Amino acid sequence: MIDYAAIERKWRAYWDENETYRVTENTSKPKYYVLDMFPYPSGAGLHVGHPLGYIASDIFSRHKRMSGYNVLHPMGFDAFGLPAEQYALQTGIHPAVSTQQNMERYREQLSALGFSFDWSRELYTCDPNYYRWTQWIFIQLYEHYYDNKHQKALPITSLVATFESTGNSDIDAANSCDTIFSAAEWMAMNRNQQEDILMQYRLAFKKIGYVNWCEELGTVLANDQVKDGVSERGGFPVVQKAMSQWYLRITAYADRLLYDLESVDWSHALKTMQRNWIGRSEGASVWFAIEGSEEKIEIFTTRIDTIYGATYMVLAPEHDLVRQLTTEEQQADVNAYLAYTSAKSEVERMAEKKVTGTFIGAYAINPFTNDRLPIYIGEYVLKDYGTGAIMAVPSDDDRDKAFAQKFDIPIIDVVDKTDYPGATLSDKVGKLINSDFLNGLEVKDAIKAATEHAEKIGVGKAVANYKMRDANFSRQRYWGEPFPITYDSDGIAHPVANEHLPVVLPDTQDFKPAAGGLSPLARLTDWVTLSSGHTRETDTMPAVAGSSWYYLRYMDPSNDENFASPEAINYWQSVDLYVGGAEHAVAHLLYARFWHKFLYDKGLVPTTEPFKKLINQGMIQGTIEFIYLRKNQDATEFVSADLVDTDEGVARIPVHVDMVSNYGSKDSVLTKEGLAKFIEWRPIYTEATFTTSSGTYTLQEFPDSESFVTLSEVGKMSKSKYNVINPDEVIGQYGTDCFRMYEMFLGPIEQSKPWDTKGIDGVSKFLRKFIDMFYDKETFSLDEASPSPEELKVLHTCIKKVNADIEAFSFNTCISAMMIAVNELRKLNCRKREILLPFVQMIAPFAPFLSEELWERSGQSASVHATTYPTHEEKWLVESNVTYPICFNGKKRATESFDAGLPPSELEALARELDYIDKWTAGKPIRKVIVVPGRMINIVS
RNA sequence: GCCGGAGUGGUGGAAUUGGUAGACACGCUGGAUUCAAAAUCCAGUGCUGGUAACAGCGUGCGGGUUCAAGUCCCGCCUUCGGUACCA
C-alpha cells in the first residue's frame, strides 16, 4: 500500500522545491526559536544515538509551527576542531576537504530523517563569512574591560581616560594588575608599559599562564578537554607548562553567570553542575606582613574565624614571592622541592596526593596575634585558586593537620565541637576557644566578627572567590579561527581593522604542529609578516569560539554589515528551546552565556541569557561485549578482549584484569553452542584458543565446562567499541517515520538508554494499522458519514493528551496515546474522514512523510505541515457516568458507576447505602466518607 | 570524599504530582488461520495460594506522616552522572 522509500523521496523533493520550512521574520505571528546543538561533522557519520534530540526538537518545532508560531529551526556545523586536523595529519587530506565531505554526508543523513530545518540558514564555523564575526566579537572583547561598579563591560578607551585623570586606584574593575599608579605615574610610562597595564584589564588578554600542554597533540588544551590527566581526544599525557597565551576574562562575569541561572528553565542537575563549576565561595582576603620584608602575603580563607589557630603559612610552589623570600640556608632545599614539583605531571600529582613541602626560611606575622608564622611551600596549595597562598590552621583543616603532623608544627585548637557530635573538621559549626575576642562565639558569628575586625584594622576584607578560571583561548593548531591581532615592532598587539576582516586562515598542506609550542601558522612567513612591518598572531582560537555565538548568526546568516541585523535580533530575541547533550553542560554553555552577556552589555542583544529553556537528551548507548580470556602462560591471570577484531585482524586485549571477581554479578553465559556461533560470526577466532600480539589466550570456561564467561556492558556508542548502529539499516527496513517514532517511544527524552530494536515492531504495527483505516481492502477510501460521539470522544481525548504531552516533552506518552486511539477506532470500525483527517494532522509532527502522503491521498491540497494543528473540544469529552473505585480504609474493594453530575454529598449518601459495606467494615461504624469528585470514594471505619 | 539524578512486572516504560499501581509496547503462553512457515487476528499474562469465585502480598531496604504514599518526611542500600588537595 505504501512504499516508504518512494514517499520519502517524493516528499523530500516537494519540501525542497516549495521551501516548506523556510522562515522569515514575520511579525504577524509570535516567534519561537528551537535550536539543536550543532554537530561536529565527524568522519563516522550519524549513528542511531545522534538523532534522538533532533527528532524531539523537530516534533516540537513542527507542533509549534502548526500551532500558529513562526518557528526558527536551523541547523549548521561546528566545523573547526581537532579531529579533522588529526585526520589530516594521518591521511594528508586537508581539513577543509574532509570537513566539506563530512558536512555533505551529515546534511544528507539529516534530511533523510525528515527534519524541518530551514537549510537556507545553514552556517558552519569554518566559513570565513562566519568567522569574520567570531573575530569581530573577539576584538570587541579585546577593546573592553569589566567595570564592577556598573556591573558591565565598558570600552577600554574610557579606562584610559580614567588612568590619565586619576590613575587606577579608584577603579573597581576585573583585572590581573597588582600595581597601583597615579595619573602622573601613568603619563610617565612608555607605551609598552601602558599597553602591559591595559592588557591586565582587557576582557580578551594575553598573559603567561600555566596551561595544559599536550606534547603529542602539540597544543594547549582547555581543562574540560583533559580527563584524568590525559587528553580527552587520543588519551595523550598532559603536563603543566608556562606559556604566553590569549585568555578571556570570563571570571569578570562569574557572579552574573551564577545568579542569572535562576532566570533560565534548565534542569536542576545542569544548573548545579554550572554552579559547582563557577564555584563561588564567600570568605575573606587577609594580608600577612613578612618579617624583614616590605612584601605582604595575601591569602584567601573561608574560615577567618580560625585565624588564632594559624600556626604556619603555605605558598604554592609557583607563587611569585617564593624566590624573593627564600633564605640562603633554605635555598638548596627549596630548589630541590621546586625541581620535584615541576617534574611532576598532573596525573602523578592526582594519583599520589602525598603530603609534601618545604620550609623557605621566612616568617610571616599573624595580623591578629603578631605571632611569627613559618612560611612553607607545598604542592597542596594551588597557584590558580584564591591567591595561591594560605594561612594554615591545622586544628580545623584536614590537609593542614596532615602537613603540620608531618613537619612537626604546633596545633592550637580553636573550635570546640563538643556540642556537635559527629561533625567533621570541615563542618562550619562549634564555639570558638583560645581566640581572644572571638571566644564563645558560634563559628558563623565569629566569621562575621573576625572579618569586621580585619577590615577595621586594615588587614583584610570580605571577598568572594571562584573556582572558575579565566578561559584559555589559544591553540597552537592549524584548523581554527586565526586571531585578528597583529604585533608591531615593539611587540604591542593591535586588533585588525574592521575592513580587513576576516583574517582568512591561510591555505597550506603543512599543518603539523611546530616545535616549541608554536602554531603551524608560524611557518607561513609570507602570511605572518605584513607589508606594514607588523607580524600576525599565529595561534588559533579553540573550537568553543565558533560555538559561543552561532545561535545569533542563524537569525540573519548572510548579513555582511553585522553579525546579525538589529531587526532580526530584535525579532528572534533568544533561543526559546535548546536541545543537546549533557556533555556540553559546562564549557559550551558557560562560554555562550558569557559572550551573550558581553553582547548584552554592548546593547547588541536584548536578552541577558541566550537559552531560555534547555533540554538535555539522554544518550542512546550501545552494548559493549567482552569475552573473558585466560592467558595461557599464567592460568591465574584473566583478561578481557573486545568481542570483535580490529581492522588489523588482531584481537584487542585490554584491561579488566581482575574482573573475574565480578563475574557473579554482571556475567551472561556463552554456551558451547553460542561459542560455535561466535566463531562463525567472527571467523578470526577459529578455535577457542588463539594468539594475539600480547600472547596466547584460551576462552575461560565455567567450572561446569558447558559455558564460557562473557560480559556485556552498556556504554557510549563509539567506533572504537564496535557497537555503532547506523540508522540507515533501520530506516531501510521500517521507514523513517517508524524510526523517528520508535526512538521517541523508547522512553523519556532526557533518559539514557541502550539501543534495542526489540520493540520497533510495535511501532511498525501501529503505523500499519493506522494506514489500514484509510483503506477498504486495497482501495483508498474514506467513510464520508458523520462520526459518532463515541468516535469523536476517542479522537478528542487523544488530541488533548498529545497537545499537552508535546508541550511537556513527553513524546513517548504521545505515541502511546495515539496507539490507544487507533486501537479503539479500529474496534469501532471507524474509517470516517472527519476522524481520520485530524488524526493525520495530529501525527504529522511525528511521521512527517506518511502524514503528507495520506493527506494528499485523502484529496487535500498543500502540505499537511502548513495546516493548523487540531485542538480538542471539551464537549466531546464529557462523560455521563463516572466509575468510582470504592475503597475501605484506603484499600480498593469494588467499583461503582455514578452519574457524573452528582455532587459529593450525594455520592457520599449513595456510598453509605452500598449493600456490601458490612463485609468490609466488619461491623465497625463508618467514621467518615471521603469523596474526591471524579477520582475515588474512601469509606473509613 | 563532596554535589546532583535514578531505583516500579521477564523487558522498555505509564501513573493528570498525594487519590483504581503496572497504561502503551516488547516478550512469553494458549488458540484461530496455514500443507508448513512468516505475517495477521483473538484470549491470557505483577507475585503467591486456590479448579474457581476469591484472598494475601506488591513500586530498592527500614521507619514515619495521612482517610489514602510509587509520589511527602527521616535513616540506609544500590546505581548512573559531575567534580576532586578549591583553603
Side-chain angles (χ1 to χ4, degrees), chain A residues 228 267-277 279-281 283-284 299-304 306 314 316 349-350 352-356 378-382 384-393 396-400 402-403 424 426 465-469 582-583 585-586 616 618-619 714 742 745-748 750-754 756-763 765-766 768-769 772 800-801 804-805 808 810 812-823 883-895 926-941:
Chain A
D228 302 325
S267 74
H268 182 70
L270 191 60
K271 287 186 184 183
T272 311
M273 256 190 253
Q274 290 225 342
R275 280 192 196 108
N276 289 346
W277 189 265
R280 181 185 162 99
S281 63
I299 60 108
F300 172 74
T301 178
T302 54
R303 294 298 304 274
I304 191 170
T306 62
V314 187
R349 263 175 77 163
M350 269 177 10
E352 288 174 6
K353 268 192 193 174
K354 279 203 291 202
V355 181
T356 69
E379 60 183 328
Y380 82 97
V381 174
L382 305 176
D384 285 329
Y385 184 73
T387 59
I390 61 160
M391 68 172 194
V393 183
D396 280 273
D397 182 287
D398 291 313
R399 294 152 304 172
D400 293 347
F403 193 91
T424 64
S426 52
N465 220 320
Y466 300 90
K467 268 195 239 181
M468 185 171 66
R469 316 279 156 83
E583 64 273 21
V586 176
N616 282 130
M619 227 174 0
V714 283
Y742 180 58
F745 191 59
L746 234 34
E750 302 196 68
Q751 207 165 293
S752 289
K753 52 229 148 193
D756 186 352
T757 43
K758 255 193 344 214
I760 198 167
D761 283 334
V763 175
K765 260 188 241 173
F766 156 72
R768 227 173 310 142
K769 287 192 221 165
D772 265 357
K800 184 178 182 182
K801 171 109 179 121
D805 285 359
S810 179
N812 54 332
T813 53
C814 287
I815 293 168
S816 76
M818 290 192 272
M819 286 174 169
I820 292 168
V822 164
N823 288 343
T883 304
Y884 281 93
I886 307 297
C887 302
F888 288 84
N889 294 320
K891 281 208 162 115
K892 187 192 124 193
R893 298 299 182 180
T895 54
I926 296 172
R927 282 198 289 146
K928 62 176 153 172
V929 175
I930 289 158
V931 176
V932 184
R935 289 257 147 259
M936 49 81 67
I937 294 168
N938 191 12
I939 298 167
V940 185
S941 60

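Keep in mind it's a predicted model, so treat the numbers as computed, not measured.
Against the 90° criterion about 0, the sugar-base torsion of rU17(B) places it in the syn range. rG10(B) shows a glycosidic angle more than 90° from 0 and is accordingly assigned anti.
Using atom P as the reference point in both rG12(B) and rG62(B), the two lie 23 Å apart (nearest Å). Taking atom C1' in both rU71(B) and rA15(B), one finds a spacing of 10 Å when rounded to whole Å. Separating the P atom of rG81(B) from that of rG13(B) is a span of 16 Å, rounded to the nearest Å. Rounded to a whole angstrom, the distance from the P atom of rA53(B) to that of rG19(B) is 30 Å. rG46(B) and rU29(B) have their C1' atoms separated by 16 Å, with the value rounded to a whole Å. rA55(B) and rG50(B) have their C1' atoms separated by 9 Å, given to the nearest Å. Comparing rA6(B) with rC61(B), their C1' atoms are spaced 16 Å from each other, to the whole Å. Between the C1' atoms of rC77(B) and rG27(B), the separation comes to 30 Å (whole Å).
Applying the salt bridge (Lys or Arg N to Asp or Glu O under 4.0 Å) criterion to D396(A), with sequence neighbours excluded, gives K417(A). Considering only residues two or more places apart in sequence or on other chains, K271(A) meets the salt bridge (Lys or Arg N to Asp or Glu O under 4.0 Å) condition with none of them. With sequence neighbours excluded, the residues satisfying side-chain contact (heavy atoms from CB on, under 4.5 Å) with A821(A) are V794(A), C798(A), F839(A). By the ring-ring contact (aromatic ring centres under 6.0 Å, His included) test, Y742(A) pairs with W755(A), sequence neighbours left out. Every side-chain contact (heavy atoms from CB on, under 4.5 Å) that K765(A) has, sequence neighbours left out, goes to R768(A). With sequence neighbours left out, Y466(A) forms a ring-ring contact (aromatic ring centres under 6.0 Å, His included) with no residue at all. Residues that satisfy the side-chain contact (heavy atoms from CB on, under 4.5 Å) test with A316(A), not counting sequence neighbours, are E318(A), V381(A), K383(A).
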Check: protein-nucleotides 3-11 of chain B nitrogen or oxygen pairs below 3.5 Å:
unit_1, atom_1, unit_2, atom_2, d
rG4(B), O3', H268(A), NE2, 3.3
rG5(B), OP1, H268(A), NE2, 3.4

Any protein N or O atoms within reach of nucleotides 38-40 of chain B? Criterion: under 3.5 Å, listing atom names and distances.
unit_1, atom_1, unit_2, atom_2, d
rU40(B), OP1, R768(A), NH1, 3.3

Listed pairs, N/O of protein and of nucleotides 18-23 of chain B, under 3.5 Å:
unit_1, atom_1, unit_2, atom_2, d
rU20(B), O2, K892(A), NZ, 3.4

Each nucleotide N or O in nucleotides 54-59 of chain B that has a protein N or O under 3.5 Å away: list the pair and distance.
unit_1, atom_1, unit_2, atom_2, d
rG56(B), OP2, R893(A), NH1, 3.2

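Distance check: K801(A) NZ to M818(A) CE gives 11.5 Å after rounding to the nearest 0.5 Å. In this structure, the separation between CD1 on I886(A) and OG1 on T895(A) is 7.5 Å, given to the nearest 0.5 Å. Considering CZ of R303(A) and CG of D400(A), their distance stands at 11.5 Å, rounded to 0.5 Å. Interatomic distance, CZ of R275(A) versus NE2 of H268(A), reported as 7.5 Å (0.5 Å rounding).
Comparing G386(A) and M273(A) along RNA chain B, the residue whose closest nucleotide (by nearest heavy atom) sits nearer the 5' end is M273(A). If G762(A) and N889(A) are placed on RNA chain B by their nearest nucleotide, the residue sitting closer to the 5' end is G762(A).
Rounded to whole angstrom, the span from the CE atom of M468(A) across to the P atom of rG82(B) amounts to 20 Å. When the P atom of rC24(B) is taken as reference, atom CG of D805(A) falls 15 Å away, rounded to whole Å. To the nearest angstrom, P of rC26(B) lies 10 Å from OH of Y742(A). Put simply, CG on L382(A) is 6 Å from P on rC85(B), counting in whole angstrom units. Going from atom OH of Y380(A) over to atom C1' of rA84(B) covers 17 Å, rounded to whole Å. In this entry the distance linking CD1 of I760(A) with P of rC24(B) reads 21 Å, nearest Å.
K769(A) and N823(A) are linked by a side-chain donor-acceptor pair at a separation below 3.5 angstrom, with hydrogens and angles left out of the test.
Across every non-hydrogen atom of T356(A) and F403(A), the tightest pair is O-CE1, 3.3 Å. Residues I299(A) and T387(A) share a closest heavy-atom pair of CA-OG1, 3.3 Å.
Side-chain contact between V763(A) and M819(A) is present, with at least one heavy-atom pair separated by less than 4.5 Å. With a 4.5 Å cut-off on side-chain heavy atoms, K467(A) and W277(A) do not count as touching.
For the strand RNA chain B, secondary-structure stems (runs of at least three Watson-Crick or G-U pairs, all distances below 3.5 Å) span B:1-7 with B:77-83, B:10-12 with B:24-26, B:27-32 with B:40-45, B:46-49 with B:54-57, B:60-64 with B:72-76.
For the pair N823(A) and rA25(B), the criterion of a side-chain N or O lying under 4.0 Å from OP1 or OP2 is met.
The aromatic rings of Y385(A) and F300(A) lie perpendicular to each other, with more than 60° between the two planes, well past the 30° mark.
Residue N465(A) is classed as having no contact, given no heavy-atom separation below 4.0 Å to the nucleic acid.
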